[in-house]
K.L.:
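Before we start, here is the structure in question, set down as structure tokens.
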2 protein chains.
Amino acid sequence: MSLPHAILTALLEKPSSGLELTRRFDKSIGYFWSATHQQIYRELGKLEADGLIRALPAEQPARGQKKSYEVLPAGRAELERWTSATQDPKPMRDTLLLRLRAAAVVGTAGIEADLRRHLELHERQLTEYREIERRDFPPGRDSPQDRLHHLILRAGIDLETFWTRWLAHALEEFAALPDGRAADTGDAGDAGVTDGAASNGGAGTTPPR
Amino acid sequence: MSLPHAILTALLEKPSSGLELTRRFDKSIGYFWSATHQQIYRELGKLEADGLIRALPAEQPARGQKKSYEVLPAGRAELERWTSATQDPKPMRDTLLLRLRAAAVVGTAGIEADLRRHLELHERQLTEYREIERRDFPPGRDSPQDRLHHLILRAGIDLETFWTRWLAHALEEFAALPDGRAADTGDAGDAGVTDGAASNGGAGTTPPR
DNA sequence: CCCCATTGTGCAACTAGTTGCACAATGGGG
DNA sequence: CCCCATTGTGCAACTAGTTGCACAATGGGG
């Protein structure tokens, strides 16, 4: 859906080979649009076939390529079109929140460790973003590009800040819970299977019909 | 990947038919795990075939069903397993941030209107969440389920708060930009914004034929 | 009473993303 | 100098999610 446009952007910023793109995706654009090298190679092929990019002329004969690509005018036009077109936000999908919801009915045993792990991952990411900010956006730099790139980085920083705070809060909440077991899973055989309904009683984000 | 588990959770909370699930996904679980009715029906079929859920015995003969499903012990066990298993966070993919990055190289003309629209959508969502919070979580409710559900809702509220703030800030930034055009300011010596992006100073912008 | 808009269930084809390889070129260590 | 670990490019099969229908049942308005 958007991978071709991510690639066009990256190539406009700097013509690159598949591998270079892969590296740059790992470092930068990939922070908000991840892609594997296989996806990138496949997409480069399509973009070339569609006449949006072309291989830079190089003098190696064939195999073991290191082919570099650059964007053609048609590619830039397509990127411009796509960037300014109205697009609806994709509906959200978050596994962790879903698991928490499941834990509310099935018990919180076991999930806490993973919450803690996620907290650490987000802290690490946050640190990395802050490092980038310190390095690439010292006060004073404020060309339009700088401002936009900084704005994007700020989104990353703020999102990671949100997650670290929220996860920390969640863990506190867990500590205050009766014990490892959040749900009253009054495991009464087949009755237990449907107990969530009874104990729901208007609680949660599921309003009673 | 997680849709079956979302369905198991929903069915544990309350046995339902495909349509009821669809409705509930629109209102509640779908806030963080959206699914279409087609996905839900397909998945219900699989879950039943796998013996994780079963159709509640009902007395209609066949067609025009309104079949309701409930979770079997095997389904509950699977949900428990999944909930407590370690899982890596999915790499992020955000179109809006990607488009902004594209705008930094291709020009910001046209994107501002959509930013404004997104701001409105997020404000609306935020209002909705706050409404739910007011309605379903009055002070005093604090069974373990309530606390967990509230925690999840809080994540939604805080995320929407982040987006509305960030988008508002982005729009301010845009207002301060030279004009509709962020790119083409020809600052060729601009090294290493996050990945050396701006250093090409327009190379590839107008490729030689 | 019958028509047709609405509600509910579902299949099929497609698109996007992931996983698991395959294999060529390169280059430093034995 | 040659072997094999590493780097770089790529195909194929699979999984998850989306889009576009199809069609049965229901129920209120003419």
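Numbered from 1 within each chain, the chains take letters A, B, ... in sequence-line order. Scope of the values below: all heavy atoms of this structure, side chains included, with no hydrogens, waters or symmetry mates. Here the structure is a predicted model, which is why all the values come from computation and not from measurement.
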K.L.:
Rounded to the Å, how far apart are Ile7(A) CD1 and dT9(D) P?
P.N.:
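To the nearest whole Å, that distance equals 13 Å.
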K.L.:
Under 4.0 Å between a side-chain nitrogen and a carboxylate oxygen: does that hold for Arg130(B) and Glu133(B)?
P.N.:
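No, this pair does not count.
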K.L.:
Answer yes or no: does a side-chain N or O of Arg23(A) lie under 4.0 Å from OP1 or OP2 of dT7(D)?
P.N.:
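Answer is no, no contact under 4.0 Å.
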K.L.:
With a 4.0 Å cut-off on N to O distance, would you call Glu13(A) and Arg24(A) a salt bridge?
P.N.:
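Judged by the 4.0 Å cut-off on N to carboxylate O distance, Glu13(A) and Arg24(A) do form a salt bridge.
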K.L.:
Tell me the interatomic distance from Glu20(A), atom CD, to dT7(D), atom C1', rounded to whole angstroms.
P.N.:
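Taking CD of Glu20(A) and C1' of dT7(D), I get 13 Å after rounding.
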K.L.:
So what does the secondary structure string of DNA chain C come out as, 5' to 3', with Watson-Crick or wobble pairs under 3.5 angstrom, [ ] for crossing and | for pairs with another strand?
P.N.:
||||||||||||||||||||||||||||||
K.L.:
In terms of side-chain heavy atoms, does Ser2(B) have a donor or acceptor partner in Arg93(A) at a distance below 3.5 Å?
P.N.:
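There is no such pair between these side chains.
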K.L.:
Out of curiosity, Thr164(A) OG1 to Leu121(A) CG, how far, rounded to the nearest 0.5 Å?
P.N.:
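Between atom OG1 of Thr164(A) and atom CG of Leu121(A) there are 12.0 Å.
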K.L.:
Just verifying a value: how many Å separate Glu160(B) CD and Gln125(B) CD, rounded to the nearest 0.5 Å?
P.N.:
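These two atoms lie 5.0 Å from each other.
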K.L.:
Could you list by number each residue of residues 82-94 of chain A showing a heavy-atom separation from DNA chain C of less than 4.0 Å, or answer none if no residue does?
P.N.:
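Hits under 4.0 Å, by residue number: none.
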K.L.:
Pull out every residue in residues 34-48 of chain B that has a heavy atom closer than 4.0 Å to any atom of DNA chain C, ordered by number, or say none.
P.N.:
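Residues of residues 34-48 of chain B under 4.0 Å from DNA chain C: His37(B), Gln38(B), Tyr41(B).
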K.L.:
Any ion pair linking Arg124(A) and Glu128(A) (charged N to carboxylate O, less than 4.0 Å)?
P.N.:
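Salt bridge absent between Glu128(A) and Arg124(A).
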K.L.:
Hey, what's the ring geometry for Tyr129(B) with Tyr31(B), parallel, tilted or perpendicular (30° and 60° as the breaks)?
P.N.:
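The arrangement is perpendicular - the two ring planes meet at more than 60°.
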K.L.:
Are Leu44(B) and Lys67(B) side-chain neighbours, meaning at least one heavy-atom pair lies under 4.5 Å?
P.N.:
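The answer is no, as the side chains (C-beta and beyond) never meet within the 4.5 Å cut-off.
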K.L.:
May I ask you to say whether Arg165(A) pairs ionically with Asp158(B), meaning some side-chain N is under 4.0 Å from a carboxylate O?
P.N.:
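Salt bridge: no.
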K.L.:
Using whole Å, report how far CG of Asp26(B) lies from P of dT7(C).
P.N.:
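Going from Asp26(B) (CG) to dT7(C) (P), I get 13 Å.
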K.L.:
Quickly work out the Leu19(A) CG to dA25(C) C1' distance and round it to whole Å.
P.N.:
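Computing the Leu19(A):CG to dA25(C):C1' distance gives 13 Å.
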K.L.:
Return yes if a side-chain donor-acceptor contact under 3.5 Å exists between Thr86(B) and Arg117(A), otherwise no.
P.N.:
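Absent: no donor and acceptor within the cut-off.
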K.L.:
For Gln87(B) and His118(A), does a side-chain donor sit closer than 3.5 Å to a side-chain acceptor?
P.N.:
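No - no donor-acceptor pair under 3.5 Å links their side chains.
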